[in-house]
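As the structure lists them, so they are numbered: ligands from 1, and atoms in each ligand from 1. Just so you know, these numbers use all the heavy atoms, side chains as well, and skip hydrogens, waters and symmetry mates.
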Amino acid sequence: MTTPDRALLEALHRDHLGLSDGAVATYIPELAKADPDAFGLALCTAAGEVLTVGDHDAPFTIQSVSKPFVYGMALDDHGRDAVLARVGVEPTGDAFNSIITLDERSKRPHNPMVNAGAIAVAALTPGAGPTERLDHLLAAMARFTGHRVAVDVSVFMSERSTGHRNRAIAHLMLNFGMVEASIDEALDLYFQQCAMLVTARDLAVMAGTLANWGVNPLTGERALAPAHVRDVLSVMYTCGMYDAAGQWAHDVGLPAKSGVGGGLIAVAPGRFGLAIYAPRLDAHGHSVRGVAVCRALSQRLGLHLFEPR
Ligand code: GLU
């Protein structure tokens, strides 16, 4: 099996620098300030080797790339059965912010990668109050990144004051009895989780931790139980790319997660985590360059999980 090296990463960066399709997210007003041309790549192997190219140390908000990690945290906190009782693992085929598939017959949001499921997962975070809960979440994230991350207050406030759709989703879930916690607090925590500041390098280490079955390859610290890594990678594979998840699984064949801040991660289990930062998004809310880089790397190295070997 070919191991990705710096020359390959540099070639991927060079090959996709000219790709300027898509647009920076603006529905969260503060995200519109992102540099549309920023482009960073980072890769972290299960053995702890880190390769970086371009804007790998530019900070941006993690947005939905946080979802698999917070889901993992909930699995470690409460166990698989308790979490499955609150959130399913079925793909929706709908957009990330869909309200359509929430109705009173569905006992739980479909999966933890769409907003409804992620808000329900955030609501499970233990702690005596909002500060303790945020602290619990940041401590869990620090095990994945290897250092404490900050929350971008401007992005948090921006989404908090304009996130009416997420508020509607949360209130519908409250109405249907899908969540019990104080819904405004759960929303605040979800918005804070989405506003955590990371770099492409951070995301690569986080993805590399999943590739290394839950042990951070740089610090040696366990961030997630191996059985829960299996669960997290499964929902990333089937639901991580929202309404493009099927096509992605077919073409790229790796568990992945995107965020509207421009981050994208893909995991080659047992091998490495890859992260791309490039804020121009396609219609699904995925980084255009990120998707193209993953497709190219998967093809070049034959990474598809079901590639005949
Ligand atoms: N905070 C964003 C939202 O809830 C995350 C969406 C995403 O990154 O896909 O709309």
Side-chain angles (χ1 to χ4, degrees), residues 22-34 59-71 87 91-102 109-123 134 137 141 149 151-173 179 183-184 186-198 200 202-203 206-207 235-236 239-245 248 255-266 275-288 290-291:
V24 167
T26 53
Y27 77 98
I28 300 172
E30 210 51 31
L31 291 185
K33 295 181 180 167
F60 58 96
T61 55
I62 189 168
Q63 300 298 335
S64 288
V65 186
S66 61
K67 290 171 179 172
F69 300 97
V70 178
Y71 180 56
V87 189
T92 62
D94 292 318
F96 65 96
N97 55 4
S98 177
I99 308 186
I100 302 164
T101 46
L102 270 181
H110 277 70
N111 69 69
M113 300 295 104
V114 292
N115 289 5
I119 295 166
V121 168
L134 175 62
L137 195 144
M141 289 310 110
V149 298
V151 173
D152 185 320
V153 178
S154 308
V155 174
F156 163 59
M157 290 306 286
S158 182
E159 184 166 20
R160 186 181 204 240
S161 54
T162 57
H164 307 303
R165 209 178 160 91
N166 282 329
R167 243 171 242 289
I169 289 172
H171 281 272
L172 263 181
M173 290 197 295
V179 284
I183 205 60
D184 290 322
L187 274 165
D188 271 358
L189 188 59
Y190 170 72
F191 295 146
Q192 282 162 339
Q193 144 190 347
C194 288
M196 289 188 297
L197 276 170
V198 290
D202 287 333
L203 287 188
M206 295 171 82
V235 289
M236 285 172 70
C239 314
M241 298 301 274
Y242 306 136
D243 44 338
W248 178 273
K257 188 71 207 82
S258 65
V260 293
L264 177 63
I265 58 167
I276 300 104
Y277 170 50
R280 283 204 191 88
L281 310 179
D282 64 18
H284 305 285
H286 307 323
S287 165
V288 172
V291 167

Are [X] and [Y] side-chain neighbours, meaning at least one heavy-atom pair lies under 4.5 Å?
X	Y	answer
L203	F60	yes
S98	T92	no
Q192	E159	no
L31	V260	yes
V149	L197	no
V151	Q193	no
M113	P68	yes
D184	H171	yes

Heteroatom proximity flag, [X] to ligand 1, N/O under 3.5 Å:
X	result
Y27	yes
V260	yes
S258	no

Answer side chain, backbone, both or neither: which part of V65 comes under 4.0 Å from ligand 1, heavy atoms only.
->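 The answer is neither.
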For ligand 1, is any non-hydrogen atom under 4.0 Å from F191's backbone (N, CA, C, O), its side chain (CB onward), both, or neither?
-> neither
Can you list the atoms of ligand 1 that are under 4.0 Å from a heavy atom of [X]?
X	value
C194	1 (N)
G259	8 (O)
Q63	1 (N), 2 (C), 5 (C), 8 (O)
N166	3 (C), 4 (O), 10 (O)

Would Q63 and V155 satisfy side chain to side chain contact (heavy atoms under 4.5 Å, CB included), going step by step from the backbone distance to the final call?
-> CA-CA 10 Å; Q63 300 298 335; V155 174; 3.7 Å; yes
Which residue owns the protein heavy atom closest to [atom], what's the atom, and how far is it?
atom	answer
atom 9 (O) of ligand 1	Y242 OH, 2.7 Å
atom 3 (C) of ligand 1	E159 OE2, 3.1 Å
atom 5 (C) of ligand 1	S64 OG, 3.2 Å

Quick one: does N115 get within less than 4.0 Å of ligand 1, heavy atoms only?
-> yes
